[in-house]
Amino acid sequence: MPDRHRYYLTTAIAYANNRPGLHTLYEVVGADVLARWHRMKGDDTRFLTGTDEYSVNIAMTAAEQGKEPRAFVDEMVALFGDAEDALGISPDRFIRTTDPDHERAVHEVIRRCYANGDLYLGTYEGWYCPNEGFRARSDLIEDASGFHCPNHPGVELQWLSETNWFFRLSKYQAALERHFAEHPDWVQPEFRKNEMLGFIRGGLEDFSASRQNATWGIPFPILPDGTWAQREDGSWHPGAGTVYVWFDALINYITGAGFPDDPKAFAHWWPADLHVIGKDINRLHTVMWPAMLMSAQIPLPRKVWVHGWLLVQGERMSKSRGNFLDPHAVVAALGTDGARYVMLREVAFDRDTDVSWESFVRRYNADLANDFGNLVNRTVSMTNRYLDGRRPAPRVHDESPLGEGWHDTLNRFVERLEGHLLHDALAELMEFVSGANKVVDAEQPWVLAKAAKAGDREAEARLEAVLGDLVEACRLVGLAAAPFLPNTAPRVMLQLGFGFGYAPDGNGGPAILDELRWGAHAATAGHVGQPEPLFPRLDIEPPPG
RNA sequence: GGCGGAGUAGCUCAGUGGUAGAGCAGGGGACUCAUAAGCCCUUGGUCGGUGGUUCGAAUCCGCCCUCCGCUACCA
């Protein structure tokens with residue numbers, strides 16, 4: 001344990017205002033792959049994901065449905081849990097901002113920021129939609145009758161002002177610029193970093209840390225006179241207002257690491273190695289959040305990876321547009337691993353990508369059914385047919401074209417994966433698969449088998465060598481793809497006659513980089529199992545969910 | 001408006017001075033271990049427009065057109 005690297009990664013917490021769409025879970029699947037990869041490497045890994053449950057909007061939506069906010073978010077969280085299970089997500093903790101330890105973490109951060117002189121009372125003014133709260137001017141529609149909220153065009157907007165606690169973001173401009181300069185790749189991809197750097201250089205304004213009239217939120221713990229707002233019976237003084245959701249939500253990342261209840265755990269897990277987020281919340285994570293941490297005197301996360309969006313005919317996939325895919329429908333059609341694969345292969349992890357049922361099905365058939373699934377199937381089938389199932393050893397790597405090629409494939413795969421270019425990592429694997437399929441046709445094992453049967457010893461040796469190489473190629477690809485295809489990997493190993501020593505979440509097995517050496521199990525004799533199609537080809541296009 | 005990015009085969013993209021590439025989709029062929037999969041061959045592009053620099057430009061420079069991102073209180 002002391003020698004293991006530790007790796008702590010998080011996703012953004014999802015806004016629990018609706019059932020999750022595939023676009024929401026895309027980020028979580030991507031992070032899940034990284035978590036599984038680190039677990040299989042042997043890293044002491046912690047993967048945090050969860051839900052953001054406070055806000056005026058959520059209280060409003062709950063009320064529309066005649067429900068208490070807590071009951072409403074409980075329902076939403078159950079839907080998130082179902083969908084994440086269907087997609088094989090393996091969090092070490094699913095955090096909810098309504099969790100009691102999160103409230104303690106938020107209060108402690110606020111206490112520290114206040115002690116540091118970074119919270120003060122001020123007045124916030126802006127256009128207020130009764131359904132959604134304050135709205136950015138840039139989000140509003142302006143016409144002859146004035147400004148309107150795009151989601152509620154019939155509702156009259158009000159110009160409101162209220163007393164809020166403000167966080168002194170302006171104070172941290174220089175410190176943030178310095179941090180960006182000293183950690184040039186702490187926000188990636190590069191163009192996302194540059195956008196935020198430009199934003200910071202343009203000047204920073206203080207922002208609200210509390211809301212006066214919102215009731216569904218974490219109680220703000222400080223009264224206007226600066227005294228702690230907790231009463232003798234443990235309850236919080238309602239006059240103090242609630243913590244503004246922005247301020248509250250970001251803190252989940254340290255709550256999930258043990259702050260402030262478990263200092264030992266916190267020292268172990270924090271700072272996070274990686275925050276995976278969407279481009280729409282870049283500013284919150286790379287400007288506000290680091291400033292908050294500086295104020296609370298907590299180290300900053302090491303890296304933020306900003307992914308793009310799933311697009312449908314050029315438009316963002318979203319619930320409000322109604323063009324989203326239901327994760328359960330995708331899983332029903334493609335299976336858990338098929339759904340994970342097409343999402344992460346078809347969508348570039350560093351930018352927006354157009355997706356469709358057609359593109360998903362095409363990708364599934366081309367890569368999983370025709371190329372990889374079929375390679376395993378034909379390899380196992382030929383080994384059974386020509387060698388009575390006895391599994392031949394691969395040649396040593398420098399006597400085997402596939403063995404030689406694997407070295408570069410693995411290097412590039414790991415480089416892409418750890419550089420968070422998940423789609424490119426998968427492309428490397430599939431290119432190797434394509435090479436293996438070409439080897440089958442070039443060597444024609446069926447011809448070798450016929451010659452061997454007729455007594456040709458040279459052909460017999462070659463048959464064994466070729467099939468040994470192919471079995472090894474299947475083992476390596478199946479294992480390397482395990483973080484992406486967690487359910488398929490054990491099935492591949494079973495068909496090849498190997499064990500799979502990892503727990504369902506990827507923990508507990510041998511270090512994957514050792515296992516990914518060409519010929520790692522060359523000395524182990526064995527028999528292959530029966531061929532079973534891993535990814536049945538889809539001939540009919542499934543209906544959109 | 002300001003700053004930044006992009007426009008290359010039907011689709012998604014690679015390609016930063018030297019006779020246009022990949023994958024998928026489409027067409028043809030030989031084979032048969034295999035999920036009618038795989039393999040081989042192949043159709044297809046005035047590289048957004050225009051004017052320059054150069055022996056030579058998708059690649060460098062100017063201008064124009066189109067699209068996208070950032071430009072703070074929904075998260």
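Convention: sequence-line order gives letters A, B, ...; per-chain numbering from 1. Because the structure is predicted, anything quoted here is derived from the model rather than measured.
- Base contact: A:Leu204 has a heavy atom under 4.0 Å from a base atom.
- Residue contacts for A:Met430: at a heavy-atom cut-off of 4.0 Å it reaches no nucleic acid atom on any strand shown.
- Closest heavy-atom contact between A:Leu284 and A:Leu250: O-CD1, 3.7 Å.
- A:Leu375 comes within contact range of no nucleotide atom at all, as no heavy-atom separation falls under 4.0 Å.
- When Watson-Crick and G-U wobble pairs are counted only if both distances are under 3.5 Å, B:G4 pairs with B:C68.
- Residue contacts for A:Gly373: at a heavy-atom cut-off of 4.0 Å it reaches a base atom on one of the strands shown.
- For A:Asn194 and B:G4, the shortest distance from a side-chain N or O to OP1 or OP2 is not below 4.0 Å.
- Remark: C1' of B:U35 and CG of A:Asn365 are 10 Å apart, rounded to the nearest angstrom.
- In this entry B:U32 has no Watson-Crick or G-U wobble partner, no candidate having both defining distances under 3.5 Å.
- Residue A:Pro445 is classed as having no contact, given no heavy-atom separation below 4.0 Å to the nucleic acid.
- Nearest to the side chain of A:Arg362, among B:A34, B:C13, B:C24, sits B:C24.
- Out of B:A34, B:A72, B:U32, the shortest distance to the side chain of A:Arg385 is found at B:A34.
- In this structure, A:Arg363 places its CZ atom 10 Å from P of B:A25, rounding to the nearest Å.
- Base pairing of B:C13 is made with B:G21, judged by Watson-Crick or G-U wobble geometry with both donor-acceptor distances under 3.5 Å.
- Between A:Arg211 and A:Glu162, at least one side-chain nitrogen of the basic residue sits less than 4.0 Å from a carboxylate oxygen of the acidic one, meeting the salt-bridge criterion.
- Atoms CD (A:Glu346) and C1' (B:C13) sit 11 Å apart, rounded to a whole Å.
- In this structure, A:Arg462 pairs ionically with A:Glu443, as a charged nitrogen and a carboxylate oxygen lie closer than 4.0 Å.
- Environment of CD in A:Glu458: sparse, with no more than 12 heavy atoms of neighbouring residues, nucleotides or ligands closer than 6.0 Å.
- Here, B:U43 and B:A25 have their C1' atoms 12 Å apart, quoted to the whole Å.
- Picking from B:C31, B:U35, B:A34 the nucleotide with the shortest atom distance to the side chain of A:Phe535 gives B:U35.
- For A:Asp280, counting side-chain heavy atoms from C-beta on, the closest listed nucleotide (B:G38, B:C33, B:A75) is B:A75.
- The side chain of A:Met382 approaches B:C33 more closely than any other nucleotide in the set B:C39, B:C33, B:A72.
- Checked against B:A75, B:U35, B:C33, the side chain of A:Arg378 finds its nearest nucleotide in B:C33.
- The nucleotide B:U46 finds no pairing partner, because no Watson-Crick or G-U wobble arrangement with both distances shorter than 3.5 Å includes it.
- Among the atoms of the strands shown, none is found under 4.0 Å from any heavy atom of A:Gly308.
- For the pair A:Arg192 and B:G4, the criterion of a side-chain N or O lying under 4.0 Å from OP1 or OP2 is not met.
- Nearest to the side-chain atoms of A:Glu195 among the listed nucleotides B:A34, B:A75, B:G69 stands B:G69.
- Set against B:C24, B:A72, B:A75, the side chain of A:Tyr244 has B:A75 as its closest nucleotide.
- Aromatic ring centres of A:Phe207 and A:Phe167: separated by under 6.0 Å.
- Here A:Lys450 does not reach the OP1 or OP2 of B:C33: none of its side-chain N or O atoms lies under 4.0 Å away.
- Judged by distance alone with a 3.5 Å cut-off, no donor-acceptor contact links the side chain of A:Asn370 to the base of B:A37.
- Among B:C31, B:C24, B:A72, the nucleotide with an atom closest to any side-chain atom of A:Gln444 is B:C31.
- If you take CG of A:Asp206 and P of B:A72, they are 15 Å apart, rounded to a whole angstrom.
- Note on A:Arg283: a side-chain N or O is less than 4.0 Å away from OP1 or OP2 of B:U71.
- One can find a donor-acceptor pair under 3.5 Å joining the base of B:G38 and the side-chain atoms of A:Asp441.
- With both pairing distances under 3.5 Å, B:A57 is matched to nothing as a Watson-Crick or G-U wobble pair.
- Between A:Phe166 and A:Tyr120, the ring planes are parallel. Angles under 30° get that label, and only those over 60° would be called perpendicular.
- Ion pair A:Arg316/A:Asp280 flagged as a salt bridge, since at least one NZ, NE, NH1 or NH2 atom sits closer than 4.0 Å to an Asp/Glu carboxylate oxygen.
- For A:Phe199, taking side-chain heavy atoms from C-beta onward, the closest of the listed nucleotides B:A75, B:U71, B:C31 is B:U71.
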